[in-house]
Amino acid sequence: MLTSTQVPGGLNWLDLGTPDIDAAVAFYTGLFGWQFQSAGPEAGGYGFFQKDGRTVGAAGPLTEEGASSAWTVYFRTVDADATAKSVEQAGGSVRVPPSQVFTAGRMAAFTDPTGADFAVWEPGDTDGLELVNDPGSVSWIELYTTDAAAAKAFYGSVLSWETRDMPMGGGIVYSIAGPAGGGEQTMHGGLMELPQENRDAGSTSEWHPYVEVEDCDATVAKAQELGATVIIPATDGEGVGRFAMMLDPFGAPFAVIKSATA
């Protein structure tokens with residue numbers, strides 16, 4: 001589970017790019033009981049998902065040519081320009097150069113060497129997410145990657161992450177990751193190499209969030225009623241909890257979890 005959104009290198013923002021804001025808002029507010037607050041006409045349709053008045057994420061229209069609907073994870077940085085240079089030096093690419101977002105802060109968007117998109121946030125007036133781990137908010141993030149070794153080296157170089165491997169059996173290794181120096185207490189996510197059969201079937205590297213829920217099975221059933229497609233049915237993970245992974249009606253992957261420690 002997440003411990004802090006204020007540690008450099010840690011998760012501190014999350015937003016959805018979608019081709020239909022109104023329909024996406026209807027899906028997620030219907031599923032998680034979120035409210036949506038527009039950032040105003042000058043924000044081009046961007047707005048904030050809130051739970052009990054606290055921001056748990058955001059959503060906006062797709063702005064990059066050829067982009068698919070997806071959730072973007074943002075990691076906290078103290079210097080977006082320096083991070084952009086580190087990304088390029090480590091073999092990643094800059095999709096959106098560091099830029100000012102009104103007085104809220106500075107952002108930049110990148111692609112790691114394995115093809116996964118992510119972003120960074122240098123806080124100004126907006127520090128980051130206001131609610132995590134509670135039901136209806138993000139409690140974990142995960143990277144499916146085509147090359148786990150390359151991904152670990154990249155994020156270790158760019159964001160100073162530590163990783164710890166956890167063999168899962170059958171040759172599968174799951175690695176937990178988080179900012180260096182904090183140990184397991186600051187681990188905010190995991191990464192796993194996609195099996196060859198998934199890559200052969202066209203699966204590519206991508207980040208997705210886990211939203212904490214009160215009842216995994218009931219949430220999956222409701223999501224299907226609202227138009228979601230189930231990728232991984234509700235499954236028990238020993239010491240982890242009960243989780244499932246889905247695509248929203250526009251194809252953005254996300255997961256839900258009833259954590260064992262929640």
Least distance between heavy atoms, [X] atom then [Y] atom:
{"X": "Ile21", "Y": "Pro61", "answer": "CD1-N, 3.6 Å"}
{"X": "Ser69", "Y": "Pro253", "answer": "O-CD, 4.5 Å"}
{"X": "Met187", "Y": "Gly178", "answer": "SD-N, 3.2 Å"}
{"X": "Ala67", "Y": "Leu62", "answer": "O-CD1, 3.5 Å"}
{"X": "Val87", "Y": "Phe154", "answer": "O-CE1, 3.8 Å"}
{"X": "Val138", "Y": "Leu129", "answer": "CG1-CD1, 3.8 Å"}

Please tabulate, for side-chain N and O atoms in residues 190-199, each donor-acceptor pair with protein atoms closer than 3.5 Å (sequence neighbours left out).
{"unit_1": "Glu193", "atom_1": "OE1", "unit_2": "Ala148", "atom_2": "N", "d": "2.9"}
{"unit_1": "Gln196", "atom_1": "NE2", "unit_2": "Asp200", "atom_2": "OD1", "d": "2.8"}
{"unit_1": "Arg199", "atom_1": "NE", "unit_2": "Leu194", "atom_2": "O", "d": "3.0"}
{"unit_1": "Arg199", "atom_1": "NH1", "unit_2": "Thr146", "atom_2": "O", "d": "3.4"}
{"unit_1": "Arg199", "atom_1": "NH2", "unit_2": "Leu194", "atom_2": "O", "d": "3.2"}

Q | Lys/Arg-Asp/Glu bridge criterion (N-O < 4.0 Å) met for Lys51, Asp134 | A |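 No.
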Q | Partners passing side-chain hydrogen bond (donor to acceptor under 3.5 Å, both in side chains) against Glu142 (at least two apart in sequence or in another chain) | A |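 By the side-chain hydrogen bond (donor to acceptor under 3.5 Å, both in side chains) rule, Glu142 matches Tyr174, His208, Tyr210.
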Q: With sequence neighbours left out, write down each residue that passes side-chain hydrogen bond (donor to acceptor under 3.5 Å, both in side chains) with Thr83, or none if nothing qualifies.
A: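 Per chain and number, Thr83 pairs via side-chain hydrogen bond (donor to acceptor under 3.5 Å, both in side chains) with Thr77.
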**Q.** pair Leu11-Pro209: side-chain heavy atoms closer than 4.5 Å
**A.**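 Not touching, per the 4.5 Å side-chain cut-off.
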Q. So do Glu130 and Ser137 actually touch side chain to side chain, heavy atoms under 4.5 Å?
A.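 They are not in side-chain contact.
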(Q) Run Asp248 and Thr18 through side-chain contact (heavy atoms from CB on, under 4.5 Å) and show every step you take. (A) CA-CA 10 Å; Asp248 76 12; Thr18 179; 5.7 Å; no
Show me the donor-acceptor pairs within less than 3.5 Å that the side chains of residues 29-40 make with the rest of the protein, sequence neighbours left out.
{"unit_1": "Thr29", "atom_1": "OG1", "unit_2": "Val25", "atom_2": "O", "d": "2.6"}
{"unit_1": "Thr29", "atom_1": "OG1", "unit_2": "Ala26", "atom_2": "O", "d": "3.4"}
{"unit_1": "Trp34", "atom_1": "NE1", "unit_2": "Gly136", "atom_2": "O", "d": "2.6"}
{"unit_1": "Gln35", "atom_1": "NE2", "unit_2": "Gly33", "atom_2": "O", "d": "3.0"}
{"unit_1": "Gln37", "atom_1": "OE1", "unit_2": "Gln50", "atom_2": "NE2", "d": "3.3"}
{"unit_1": "Ser38", "atom_1": "OG", "unit_2": "Gly40", "atom_2": "N", "d": "3.0"}

Could you grab the distance from atom [atom1] of [X] to atom [atom2] of [Y], nearest 0.5 Å is fine?
{"X": "Thr114", "Y": "Tyr144", "atom1": "OG1", "atom2": "OH", "value": "14.0 Å"}
{"X": "Ile231", "Y": "Leu247", "atom1": "CD1", "atom2": "CG", "value": "3.5 Å"}
{"X": "Ser175", "Y": "Asp165", "atom1": "OG", "atom2": "CG", "value": "3.5 Å"}
{"X": "Ser259", "Y": "Asn133", "atom1": "OG", "atom2": "CG", "value": "7.5 Å"}
{"X": "Ser139", "Y": "Ile257", "atom1": "OG", "atom2": "CD1", "value": "5.5 Å"}
{"X": "Glu122", "Y": "Arg106", "atom1": "CD", "atom2": "CZ", "value": "6.0 Å"}

Q: Kindly indicate, with the supporting measurements, whether the criterion side-chain contact (heavy atoms from CB on, under 4.5 Å) is fulfilled by Arg76 and Asp127.
A: CA-CA 9 Å; Arg76 189 184 187 97; Asp127 191 63; 3.0 Å; yes
Among the clusters formed by ILVMFWY side chains lying less than 4.5 Å apart, do [X] and [Y] turn up in the same one?
{"X": "Val96", "Y": "Leu14", "result": "yes"}
{"X": "Leu226", "Y": "Phe250", "result": "no"}
{"X": "Val240", "Y": "Ile232", "result": "yes"}
{"X": "Val73", "Y": "Tyr46", "result": "yes"}

Q: Enumerate the residue pairs fulfilling side chain to side chain donor-acceptor pair (under 3.5 Å) with a member in residues 216-232, sequence neighbours excluded, ordered by first and then second residue.
A: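 Listed by first then second residue: Asp217-Arg242.
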Q) Just by distance, do the side chain of Trp140 and the backbone of Ala255 share a donor-acceptor pair under 3.5 Å? A)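 Not confirmed, Trp140 side chain does not pair with Ala255 backbone.
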Q: Return each pair, listed once, that meets ring-ring contact (aromatic ring centres under 6.0 Å, His included) where at least one residue sits in residues 93-113; pairs must be two or more places apart or across chains.
A: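 Residue pairs with at least one partner in residues 93-113: Phe110-Phe118.
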Q: Go through Leu16 and Tyr28 one step at a time and tell me if the side-chain contact (heavy atoms from CB on, under 4.5 Å) criterion holds.
A: CA-CA 11 Å; Leu16 172 72; Tyr28 286 102; 3.5 Å; yes
Q | For Trp207, the option from Phe75, Tyr74, Trp71 that meets ring-ring contact (aromatic ring centres under 6.0 Å, His included) | A |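 Result: among Phe75, Tyr74, Trp71, Phe75 is the only option passing the ring-ring contact (aromatic ring centres under 6.0 Å, His included) with Trp207.
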